[in-house]
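Because the structure is predicted, anything quoted here is derived from the model rather than measured.
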Amino acid sequence: MPLTHTRDLFAKALKGKYALGAFNVNNMELIQAIVEACEEEKAPLILQISKGARQYANPVYLKKLIEAAVSLSNIPIAVHLDHGDTFDLCKQCIDEGFTSVMIDASHEPFEKNVEISKKVVEYAHKHNCSVEGELGHLVGAQFDEGEEGGSFSTGGHYTHPEEAVKFVKESGVDSLAIAIGNSHGAYKFKGEQHLDLERLKAIKKALMDAGLGDYPLVLHGASSVPQDLVAEVNKYGGKMPDAQGVPEADIEVARRVGCTKVNIDTDLRIALTAGIRKVFTESPKEFDPRKYLGPARARVKELVRHKVKNVLCCAGHAFD
Ligand code: G3H
Ligand code: 13P
Ligand code: ZN
C-alpha cells in the first residue's frame, strides 16, 4: 500500500470531526509501536520527522523503515516534515515524496513568515505536497495573553484570529499551527495547566467567517505528560520533577473546536524511557537491547492506543 496523502486524511478528519495523531519518529521501535497501535485501533496516521530525526537516523533509514511499515500494515499513513526551518529542507522532503511539510518561519516578522511560507507552498503544490505553516510563538502559558476587554491582544506571542486569516490568505498554506499557550517538551506549565481555548474558537470562527471554510488547525505541544509514566521514570532512577503537560480534557476540546492535527512527541519519549528504566533497574544484569527495547516499545504502543481511542477519537476511522 502506498503512502496516503495528508490532504485526504485531513478531508476525512474534518468531515468525521476527529483529530489525526501526528507522532514523531526517530527509530524503528517508535515506528513499529505507533503503526501497530494504529493498525489494531484502525486509526489513520501521520508519521512526522523533524530535522533532528533526519540528522539522528539518516533520512534514507527513516524512509525505508516507513516503507516497511506501510507495506506491512493496511492503514492509511501520511509522512510529514515537522518544523522545517528552511525552504531547502522542505524542498528536500518534497522531492523525497513526503505527503506534507511544515515550514516554520514563525520566528520571523509576519511579512517574512508569509514570504518564506508562500515560496514553500508554490513549490510543494507543484509537486503534490501539502504545507503546514505556523503563526505565533509556542511559549507556553507563562505569557498568558487571554482575552482582555473583549478582544485578543496583537503583537504578542499568541496567534491573533484576524492575523491568522491574513496569513492563510497571503501564504496559501493548507493548514495552520497556532499558539494558544501550548509549548513543546515535558515542562509546559508552572501553575495552572491550560490552553487559551477561547482564542482557538475565535481563530476557527475568523477563518470560517473569512470564507476559508472548515479550515484545519494544528496543535503542537499536545503531549499530556502522563503522571503515571513520569512517576515510573522517577521511581526507576529518572529525574523529571514537576513535569506537566496539557490536560487531556483540553485536547478533547481542541479537537472538537477544530484542531485536526495533534502533534505528540514528548509522551512517546517518556513512555519509552519508563520502559527502558524499569528493565535497567529491575534487571541490572541485562544487556540484550531486545530485552529493554522490546518492553519499552510495548509501552509506547499502549500509549498510542489510548491516544487514538480516547483522546483524538480517530480510532475506527482508517477505512472511512
Ligand atoms: O517539536 C519538536 C519535536 O518534538 C521534535 O523534536 O527536534 O528534538 O526531534 P526534535
Ligand atoms: P510535545 O513536545 O508536546 O510532544 O509536542 C510535539 C510537537 O509539537 C512536535 O512538533
Ligand atoms: Zn511542534
Side-chain angles (χ1 to χ4, degrees), residues 1-13 16 18-50 52-82 92-101 128-130 261-265 267-276 279 288-320:
M1 190 185 185
L3 287 175
T4 301
H5 205 288
T6 311
R7 185 201 308 122
D8 299 335
L9 294 190
F10 268 96
K12 286 183 179 167
Y18 55 86
L20 298 159
F23 297 99
N24 286 74
V25 293
N26 296 275
N27 65 12
M28 182 185 77
E29 282 76 12
L30 285 167
I31 294 173
Q32 288 175 328
I34 296 162
V35 172
E36 280 176 25
C38 289
E39 174 104 34
E40 285 174 26
E41 294 298 336
K42 299 188 173 43
L45 170 64
I46 299 175
L47 291 175
Q48 57 183 11
I49 296 173
S50 69
R54 285 167 69 83
Q55 283 162 353
Y56 171 76
N58 180 307
V60 179
Y61 274 102
L62 289 176
K63 187 173 187 213
K64 297 286 177 190
L65 284 167
I66 292 174
E67 272 173 23
V70 169
S71 70
L72 291 169
S73 73
N74 64 3
I75 49 164
I77 301 177
V79 176
H80 176 79
L81 167 67
D82 190 27
Q92 269 171 37
C93 293
I94 295 165
D95 294 346
E96 286 171 25
F98 282 43
T99 54
S100 51
V101 293
N128 192 29
C129 182
S130 305
K261 173 172 174 277
V262 170
N263 285 13
I264 298 171
D265 186 359
D267 285 353
L268 308 173
R269 297 178 180 194
I270 299 174
L272 198 77
T273 303
I276 293 175
V279 176
D288 178 345
R290 294 169 297 186
K291 298 283 167 48
Y292 51 86
L293 289 175
R297 180 175 57 188
R299 301 305 294 272
V300 176
K301 181 173 170 182
E302 195 186 322
L303 174 99
V304 173
R305 284 188 77 146
H306 166 68
K307 298 274 183 197
V308 298
K309 209 161 67 179
N310 305 321
V311 186
L312 308 172
C313 299
C314 56
H317 287 285
F319 309 109
D320 284 1

Participant: Write down the atom of Ala315, the atom of Ala43, and the distance for their closest heavy-atom approach.
Facilitator: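 It is CA-CB, 4.0 Å.
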Participant: What closest approach, in Å, do Val60 and Asn58 show between heavy atoms, and which atom pair accounts for it?
Facilitator: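 Looking at all heavy atoms of both residues, the closest pair is N-OD1, 2.7 Å.
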Participant: What are the two closest heavy atoms between Val101 and Cys129, and how far apart are they?
Facilitator: N-SG, 3.9 Å
Participant: Would you name the heavy atoms of Leu272 and Ala296 that are closest together and state the gap between them?
Facilitator: O-CB, 3.4 Å
Participant: If every non-hydrogen atom of Gly21 is compared with every non-hydrogen atom of Leu312, which pair is closest and at what distance?
Facilitator: CA-CD1, 3.5 Å
Participant: Hey, what do you get for CD1 (Ile75) to CD (Glu36), rounding to the nearest 0.5 Å?
Facilitator: 10.5 Å
Participant: Just verifying a value: how many Å separate Arg290 CZ and Arg297 CZ, rounded to the nearest 0.5 Å?
Facilitator: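 Here the interatomic distance stands at 11.0 Å.
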Participant: Any ion pair linking Glu302 and Arg299 (charged N to carboxylate O, less than 4.0 Å)?
Facilitator: yes
Participant: Indicate the atoms forming the closest heavy-atom contact of Ala19 with Cys314, along with that distance.
Facilitator: O-CB, 3.2 Å
Participant: Please check: side-chain N/O of Thr99 versus main-chain N/O of Val79, any donor-acceptor pairing under 3.5 Å?
Facilitator: yes
Participant: The test is side-chain contact (heavy atoms from CB on, under 4.5 Å); show your working for Val262 and Lys307 and say whether it passes.
Facilitator: CA-CA 10 Å; Val262 170; Lys307 298 274 183 197; over 6 Å; no
Participant: Using the rule side-chain hydrogen bond (donor to acceptor under 3.5 Å, both in side chains), only one of Arg269, His80, Gln48 pairs with Asn24; which is it?
Facilitator: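 Among Arg269, His80, Gln48, the one meeting side-chain hydrogen bond (donor to acceptor under 3.5 Å, both in side chains) with Asn24 is Gln48.
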Participant: Indicate yes or no: does Lys301 engage Glu40 in a salt bridge with an N to O separation below 4.0 Å.
Facilitator: yes
Participant: Does some side-chain heavy atom of Lys261 sit less than 4.5 Å from a side-chain heavy atom of Thr6?
Facilitator: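 Contact flag for Thr6/Lys261 side chains = no.
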Participant: Hey, what do you get for CG (Asn26) to CD1 (Ile31), rounding to the nearest 0.5 Å?
Facilitator: 8.5 Å
Participant: Between Leu45 and Thr4, is any pair of side-chain heavy atoms under 4.5 Å apart?
Facilitator: no
Participant: Heavy atoms, side chains only, cut-off 4.5 Å: are Cys93 and Arg54 in contact?
Facilitator: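 Cys93 vs Arg54: side chains touch.
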Participant: Determine whether His317 and Asp320 satisfy the following criterion, side chain to side chain donor-acceptor pair (under 3.5 Å), listing intermediate values before the conclusion.
Facilitator: CA-CA 5 Å; His317 287 285; Asp320 284 1; 2.5 Å; yes
Participant: Can you tell me how far the CZ atom of Arg7 sits from the CG atom of Leu9, to the nearest 0.5 Å?
Facilitator: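 The CG atom of Leu9 is 10.5 Å from CZ of Arg7, to the nearest 0.5 Å.
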Participant: Is there a side-chain contact (heavy atoms from CB on, under 4.5 Å) between Lys12 and Tyr18 once you walk through the steps?
Facilitator: CA-CA 9 Å; Lys12 286 183 179 167; Tyr18 55 86; 3.6 Å; yes
Participant: Could you tell me whether the side chains of Ser130 and Ser100 share a donor-acceptor contact shorter than 3.5 Å?
Facilitator: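 Short answer, no.
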Participant: Among Leu303, Val308, Asp265, find the residue that satisfies the side-chain contact (heavy atoms from CB on, under 4.5 Å) test when tested with Phe23.
Facilitator: Val308
Participant: Should His5 and Asn128 be marked as a side-chain contact (heavy atoms from CB on, under 4.5 Å) after you check the CA-CA gap, both sets of side-chain angles, and the distance that decides it?
Facilitator: CA-CA 9 Å; His5 205 288; Asn128 192 29; 3.5 Å; yes
Participant: If you measure from OG1 on Thr273 to CD1 on Ile270, what distance do you get to the nearest 0.5 Å?
Facilitator: 7.5 Å
Participant: Rounded to the nearest 0.5 Å, what separation is found between the CD1 atom of Ile49 and the CG atom of Leu65?
Facilitator: 9.0 Å
